[in-house]
2 protein chains.
Amino acid sequence: MSLHDEFELIRGIQGVLGRPSRRVILGIGDDAAVVKPPKGNLVATVDTMVEGVHFDLAYTTPQELGYKALAVNLSDMAAMGATPLYALVSVGLQQSTTEHFVGELYQGIRKLAKRFDVDIIGGNTVQSPTATVIDISLIGEASKTFITRSGARVGDLIAVTGPLGESAAGLNCLKRLGRQNLDRLKGLVNAHLMPEPRVKEALALVKTGAVTSMIDISDGFARDLHHLTGQSKVGALIDEAAIPISDLTRKGGELVSTSPRGWALYGGEDYELLFTFNPKKLSAVKKALGKSFYIVGEILPIKQKVKIKNAAGEIGLLEPRGWNHFVRRSRLKNDPETVLV
Amino acid sequence: MSLHDEFELIRGIQGVLGRPSRRVILGIGDDAAVVKPPKGNLVATVDTMVEGVHFDLAYTTPQELGYKALAVNLSDMAAMGATPLYALVSVGLQQSTTEHFVGELYQGIRKLAKRFDVDIIGGNTVQSPTATVIDISLIGEASKTFITRSGARVGDLIAVTGPLGESAAGLNCLKRLGRQNLDRLKGLVNAHLMPEPRVKEALALVKTGAVTSMIDISDGFARDLHHLTGQSKVGALIDEAAIPISDLTRKGGELVSTSPRGWALYGGEDYELLFTFNPKKLSAVKKALGKSFYIVGEILPIKQKVKIKNAAGEIGLLEPRGWNHFVRRSRLKNDPETVLV
């Protein structure tokens, strides 16, 4: 593949991506792609990752970058209880970017796309003066019973699909110890660089009919819980002791002398699902997810606000703050970005 | 609207965009948007505009930037003979970006979206260290008779929907004379900053059943003709005297002592449609477009390559070169970017 020749680059990318599925009527190479429409409703989301804001190429391989850029979109799709179908990939490349980098980036996208039966139907590459940018739009389908952030009801239980804080632990260890020193903490590194989007878990949850609201944890448990309770117009009480924190995260905490509590509550980028369900339907949720979920609290009336009970039994407000890992001085003080969907 | 508060920014953007159409089941504000699926086939495209590469804020207002970012996508949709429906908008903002800028940007998007009945269903804003970036994905619908670049047949006539070179003339006059000195050439300035996407013309053409191939002129007539003939595996002969050049473009050429020929053949960003049709169906094309099209040549066998006959009757190769307005030194020598769809 050559970055000097447009057609060679397109052919190179097509070579990496391989043949699309039979849903794709006209793929890469025309003014637009033409594909079979979703059954049921169309679900769409987009996420942008900017070098120096969302990722650091000092410890991220291009394959991992491609993987993660698609993974965060798959996670959004999962949070709706929707099935991903098609992706458009925009890449902003610097002058210094090599052909090898571009090939590896698409390889990372392709591998994850293949696992979730997603077709890459188009996109573009543009020059970007000082930062590599990757922006993926994802189109999927959902039945009439898609899940929003706004359906949580008083008395619902609050659960997450996996341990929290691993991604933040991985990021902090990467930044402070360097990747070469993290062979034994590969799980943390992977949690940060190659998070597993919970698409299958979400689809299993939708089928139960038990789930009343759902969001994926990208901004951090506390902030995303506030997104959910805010849009559902309810309060919540979280039991801190019930927040799942893995042994790996604890080990990472010891290594860099940081309490894993902050990572789990505020760290972000876990890409686990945070969902609520009617307690009467607990057995259906158990059947759908097996042991892969953790009940961490319950939904209260809105006047109760969002609270957390610590190990000593003290109850305080759980503030909707997140961690802003990369940006030191930001005009967007409270949040480095705004996600419309 | 405030850039400091995520929810206020979302509310501010929602306020600018207004209520979506009834096709939108769940709009801005959740993990993904949920909308009614397209009838027929789903058509999707994406375009990214980077400050310093695709636009210059020295002479582009934020409304114009928002307008153009959507217009170039509408133009891609038109080139397929498809109807635009939904857009996702990603914006990369610098630290210095003001709330006013963001509001105006969305205002520009909204105005054009409204004219073409497009719903802005989501997107995001992220920080971008040194360049403002706007990336729009557009989803539309097409019947089974969508139009590709690859259907041109020997003997077909080649036509364009409007005069060529106005955008390049506008850009050159803007760069060399400054916007304040171009009051009398507002048409050129608009051609560059607020091009009209030929959506209605494209839909009228599709209905004729006459059109065999189509592309929108973004890279320049010569380069886009090569895209079309390359993918159709044919040659072409262009009659230079038939290339429509407006009086405004000629005036611009006089002002900056440049021949308008280069702008028309290689200038790019005209966003007129370049299409081919069977000459037997000329009357159908006339009925669809009225006087708003110009026959500029005919399709030849591939061995004839792509040629142009000048005013003196001399025939030479029409090289697939375009103008790279912004980038002086580029690794991507022949083309500053690659468009997969």
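This one's a predicted model, so the numbers in the text were calculated from it and none came from an experiment. Naming: A, B, ... by sequence-line order, numbering from 1 per chain.
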>> Can you tell me which residue among Asp47(A), Val133(A), Val50(A) is in a side-chain contact (heavy atoms from CB on, under 4.5 Å) with Val126(B)?
In response: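 Answer after filtering Asp47(A), Val133(A), Val50(A): Val50(A).
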>> Under a 4.5 Å cutoff for heavy-atom pairs, which residue among Pro129(B), Ser75(B), Ala131(B) has the most contacts with chain A?
In response: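 So the answer, after comparing Pro129(B), Ser75(B), Ala131(B), is Pro129(B).
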> Which heavy-atom pair separates Pro38(B) from Pro38(A) by the least distance, and what is that distance?
Replying inline: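 Looks like CD-CD, 4.1 Å.
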Considering only heavy atoms, which portion of [X] lies under 4.5 Å from any heavy atom of chain B: side chain, backbone, both, or neither?
| X | result |
| --- | --- |
| Glu51(A) | backbone |
| Met49(A) | neither |
| Ile139(A) | side chain |

> What pairs of residues pass the salt bridge (Lys or Arg N to Asp or Glu O under 4.0 Å) test when at least one of them lies in residues 118-139 of chain A, not counting sequence neighbours?
Replying inline: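 Qualifying pairs, neighbours excluded: Arg23(A)-Asp119(A).
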> Do the side chains of Ser90(A) and Ser137(B) get nearer than 4.5 Å, heavy atoms only?
Replying inline: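 Counting from C-beta outward, Ser137(B) and Ser90(A) never come under 4.5 Å.
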>> Quick check: do Ile25(B) and Asn41(A) have side-chain heavy atoms less than 4.5 Å from each other?
In response: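 A side-chain contact exists here, since the closest heavy-atom pair is under 4.5 Å.
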>> If we ignore hydrogens and angles and just use 3.5 Å, is the side chain of Thr45(B) paired with the main-chain N or O of Asp31(A) as donor and acceptor?
In response: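 Answer holds: yes.
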>> Check whether Gln127(B) reaches the backbone of Gly52(A) with its side chain - one donor and one acceptor, N or O, closer than 3.5 Å.
In response: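 Such a contact is absent between Gln127(B) side chain and Gly52(A) backbone.
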> Among Ser128(A), Ala78(A), Gly92(A), Gly40(A), which residue forms the greatest number of heavy-atom pairs with chain B at distances under 4.5 Å?
Replying inline: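 Top count of heavy-atom pairs under 4.5 Å with chain B: Gly40(A).
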> How would you list, by chain and number, every residue that makes a side chain to side chain contact (heavy atoms under 4.5 Å, CB included) with Ala82(A), sequence neighbours excluded?
Replying inline: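 If we apply the side chain to side chain contact (heavy atoms under 4.5 Å, CB included) test to Ala82(A), skipping adjacent residues, the hits are Val43(A), Met77(A), Met80(A), Ala142(A).
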Rounded distance (nearest 0.5 Å) linking atom [atom1] of [X] with atom [atom2] of [Y]:
| X | Y | atom1 | atom2 | result |
| --- | --- | --- | --- | --- |
| Leu42(A) | Leu42(B) | CG | CG | 6.0 Å |
| Asp30(B) | Asp76(A) | CG | CG | 9.5 Å |
| Leu26(A) | Ser150(B) | CG | OG | 7.0 Å |

